[in-house]
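Note sheet for the following structure.
Below, chains carry the letters A, B, ... as their sequence lines are ordered, and counting in each starts from 1. The model shown is predicted, which means the values in this text are computed figures rather than measured ones.
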Amino acid sequence: MSPPRLALSLAALLAAGTTAADSGWLYYGGDQGGKHYSTAAVIDRDNVAGLDVAWVHRSGDVERYGEAMQNTSAQATPILLPPSAGESLVYCTPFNRVIALDPGTGEQRWEFDPGIDRRGDRTFRCRGVSYAVEPRVATGAHCHHRLYLATHDRKLWAIDARDGKACDGFGRAGAVELYGEEGYVPGDVSSSSAPTVAGGVVVVGSGVIDFARATAPRGTVSAFDTLTGKRVWQFDPLLGHASSGAANVWAPMSVDEDNGLLFLPTSAPSPDYYGVDRPGDDLYANSIVALDLATGAVRWHFQHVRHDLWDYDTPAQPILFQWEKNGASIPALAQVTKQSFVFVLNRLTGESLWEITEHPAPPSDIPGERPALTQPKPIAPPPLVDSFLIPSNAWGLTPWDRGHCAQQLAALNNLGLFTPLSEQLSLMYPGSLGGANWGGGALLAESGVLLVNINNAAFSGKLVPTPAGAASAAKTDHPESGKRMQVTMQGTPYTVDIGALTSPLGIPCNAPPWGKLIAVNLYTGSIDWQTALGSVHEMGPITAPFHIDWGTPNLGGGIATAGGLFFIGATMDRQIRAFDVNNGETLWKFTLANDATATPMTYLYRGRQYVVINAGGHYMFQRGYGDYLYAFALPE
Amino acid sequence: MRNLYFLPVLCLISAFSHATTLHIMNAAGEPLSRVMVTQTAVEKVVADLSDDGYAPHGVLTPADTTITRFTDADGNVSFDDTAGAVQYRVRSQGYVDQYISEDSLAADSGTESATDDNGDDSLAGDSGEDSTDGDVGEDSLAHDSSEGPAVTTLDVTMVPMTKEQYIASYPSNVWLSKLSLGGDEDLKNSFELNCSFCHQQASPFMRNERTVEQWIAVFERMNSYGARLPGDEHQQLAELLQKEYRELRENPEVVPEPRRWEGHLSSIEMKEWVIGDGFSQMHDFLIHPNGFIYVGDNLFDRLYEINTETGEYTVYKVPHNDEQQPGGILGNRFVTFPKMHNYLGVHSFAVSPRDGNIFITPSMQQALLEFNPKTKKFTTHEMPGGYYPHTIRVDAKDRVWFTLALSSQVAMLDRTSNEFTLIDLPARGVQEWLILKSLPLIFAFDPANRPQPSPTRESIGLPMPYGIDVAPDGGIWVARLYANDIAHIDPETLEVTMIDFPFEGPRRLRIDADGMVWIVAFQDSLLVKYDPKADVFTPYELPVVNEIPYALNVDKERGVVWVNGNQSDTILGFDIASETWKVYPMPRQRFFTRDIEISESDGAVYTTNSHFPTWQSEGGLPTLLRITPLPDQAPQH
């Protein structure tokens, strides 16, 4: 890091008057390295059973936007501002409204509505906002304490953390347009993750529709001056590859300020399932790319999927930690993936700290398609999903639906993990939902134990020759619950057809649990424990009066605390749960108004510990929507 | 070590119309001997693989080839002229693999005189550039074409591995040697017997961390493929494998160094022909008097006819009738395997001394196959009984002998009468006799409803006659794998004599020119000589630790027994006269040798990479490999 930027960074930290370790929650991921860990221990294993609702805040989105809520996904994780910045709890709604609350009561203090352009059919979501002190603005002056927000309609906003007003002098009236001279085109590109702020720059990635067009928009990552919004550098993860696009960074990034490194989790190149026109490995797609924070120059990269044909984006924030081994402490990075591997890298060099075995990959029978011969697989930890699924493993409630599933499996093209799609229906296991997804993992203090929630439901898919003149028919990048997704991949000869592999009863053809919580020991490379995550009692035609803990597909993440607890929603049963980090035992659960497909956070405020989670449902689950923010605490 | 999967990204070497000498040295400039250098064509052959990924029946098809040689005491290794552009992988124990780039050669094409094929350090100029790999570094290059054949000399500096890299590069056998399975030797024997005849154990693919549940799922799947790991061992073995592999990962320094490569290697050349794909299993093969090599793809009912002179091959699909199902009469054991075309199970090969026809055991049928290499036609000889035709030999009287592994018999086809004789080998007890006699009843059931064995460690199953060979006196010798005995059959009277084998796991056997019976003891990691006249067994320790030898063959002309080193990526040569070993490292990691055939005329030794699954082998493709003494180079010791 250059000296001026280092100074800026240190000044910002001092001015903020708080760190991630003092039981606040200053960053989306708990800290800049995405550990999702809190030192707060007021709530612990012994008393968590007494946890109850402290307050509920409703954003008003339901009343304001009505039917448009059906196309939303509530994914926000609030942050708690330091006292110097007003000590508000701040979060964003799917329509990018930023709301500041009293952390003790949930009463609204201010709101900022960027008034986004809501044209197009792209789903609305906002995972969070980022906070920083701008030392070039006088203490006490407006916008000394800043919040940064990247919006659905591709603007980067800087607003004052104390009153929610836009910061003059940042871009144009507080906003920088992230799109180019061509103007904003609804639908193709949006932003959902919180920007990354460090070293005097605010860095923004994007979400790109990467499955509907061969040459999707570029997945450019841009860094802007935190004061002015002037672009400092930008990085195209595909290095200008002309016949592809995307490889964007939609998941949160991580920062190692001490070493001046920014870590990008890059996604798949476009189009997701057809790679004839993008031969080779497609660097730096599907990678963790370490950039020089100050310049954007590539320091190293680690590509975990070569020539992606499965939509195996890097889905989650890289987790920064110290890897303890044989008395040595190595600056490390853990990356969970959709293909269910956990890679542990030296974050200074990108070298894997576990031996990598090259997993042979099956060939493709699509003309001109040349999948990579092998894909990297760490010798440890083990895959979080056993991707081997054969007819004799088919599962069903009855012999009839089990037999049906066995027949489906027998008819599938199934060459194991990394089977490329063909014109014959192929097994996709894990599917594009993962494995792990954007919820990432939570690192349990310095123990090296990573708690990860994963999906464990098989998909099937095929490539269907596209009739002339056909158009894309889907707005989502994954099939919605109970439906198959069919998308014309414009610029290719094919339409992709993907859906969950289920029996006629709509039940997954693989054995439960269909969602799992797994404790992965990164130091030993082993799994300490695993348990089902979620109950299917609300997923049948009628709601069962008791929980059936077979696990459910899940989106969102969890957090670990020094109280020995892991809090998570994410499931398709409207629950938030607290697990014992030592053994996976469920110690507490609460039924919310909607599914909480978001990552919770926790903080200490005036001696009381709160656990907060956004519960607004997820369009993909098709289980209703809402605009709730719940705070839980022990009785006073 | 980096592996050949990365070949597509390797840097390229220009085509030169002359030989190349590589001079390999360490960072101090000292020459490195015993360095393995593999030359590969840059351009892959263009082949019609339109039949499910394989060459169509009867179509002449080019094969990719590689040539591997080793540096001599001066650190030099030479390769002959090539028609096209080539690339080199340089491998030395303890050093990072080097890939020689086009840049290394192309930058300077100055010429100097060369007077011998080995080149000369003094010829190496100082004009090299760093390779694009960045590891070769400080290469220097000279081209010599002023008189005699032009020679390119390339200096390559090897970079030492880190300790971690070096340990990770060890072959499987040394890792396996440190698995004690809780100190339970019987359990380890059972594990090795049941889990090591298809693929290596303790390779990185096996050392992968797995949960206990994942290990048990693997055992169950492997048992469905044909392993017979006792069910009551699954839980214990899963827990021990998880525990001990973790301990090895935590303490890799306890793993012993593999045997160092030796100086004799500079006197040989290894050539490989790539055939099949990552799902194939190249099982047995034979060297035919017509000059072709015939290799059987056990999982795809295909016969490969390879012309080693031209590097071309022709595939012949073994026909099956409409009534036959995948898996034949055994039932499809491979329902879970991704790709399969396995109705007969092309297993073992023997050639008729009378007409050159090839006899093949189809292990999944009650039949014997005959292939006429002139007409390319297959004939099926239906058998009157017997199950699992296994290893096959033809005697001097053109009688075809083969073991029937499941029914514990030996079959003989008299080609004169075209009739089979089935010879029962004795059961070890009444229960076993009853089982053997009830096999026709059991096989009367549809495979899906057939009673399945539930082997335990004490009752692993049937005796399983396995290897077979014909002695110089015409006697037939057979090894029974699970019974730990060998049988002698008088070919005229068909009298059977059973002899206890004092070691574990007699798998295949061969007879030398003096009538000595050589047997590999699978689980005991031994080569055993049996002297029939003296009735004495003599064990010989293998020169590598924890090897699990599958097969062997004897070079009768030179008095050398060749033994699989299928866990150690080696093939082992035992000089009968001196009772000394030579070890030959294979050019690919996870190279599981199975059948070995000898070209008695020139001393060439052939084997196949028969690792199942093949995709775990370095390069991911099966190969036929030939080891040939280099002309004009005296072996070094």
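- Residues B:Arg249 and A:Glu355 are not paired through a salt bridge, judged by the lack of any N-O separation under 4.0 Å between the basic side chain and the carboxylate.
- Expressed to the nearest 0.5 Å, how far NZ of B:Lys243 lies from OG of A:Ser526 amounts to 13.5 Å.
- Under a cut-off of 6.0 angstrom, the local environment of CD in A:Glu446 is sparse, with at most 12 non-hydrogen atoms contributed by other residues, nucleotides or ligands.
- The line from CZ of B:Phe205 to NE2 of A:His359 is 8.0 Å long, rounded to the nearest 0.5 Å.
- Taking 4.5 Å as the limit, every side-chain heavy atom of B:Glu209 sits out of range of all side-chain heavy atoms of A:Ile379.
- Listed here is the closest heavy atom pair of A:Ile527 and B:Arg246: N-NH2, 4.2 Å.
- The contact between B:Arg207 and chain A is made by backbone and side chain atoms together, counting heavy-atom distances below 4.5 Å.
- Among all heavy-atom pairs drawn from B:Ala217 and A:Asp386, the shortest one is CB-OD2, 4.4 Å.
- Closest approach of A:Thr357 to B:Pro204, counting heavy atoms only: CG2-CB, 3.1 Å.
- Heavy-atom minimum distance, B:Glu250 versus A:Tyr523: OE2-O, 4.0 Å.
- Ranked by heavy-atom pairs shorter than 4.5 Å toward chain A, the options B:Gln242, B:Gln214, B:Arg210 are led by B:Gln214.
- Between B:Val218 and A:Phe388 there is no side-chain heavy-atom pair separated by less than 4.5 Å.
- Only the side chain of A:Asn326 has a heavy atom closer than 4.5 Å to any heavy atom of chain B.
- Going from atom CG of A:Leu373 over to atom CG of B:Leu621 covers 8.0 Å, rounded to the nearest 0.5 Å.
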Which is it for B:Trp615 and A:Thr374 under the side-chain contact (heavy atoms from CB on, under 4.5 Å) test, yes or no, and what are the steps along the way? CA-CA 9 Å; B:Trp615 50 257; A:Thr374 65; over 6 Å; no
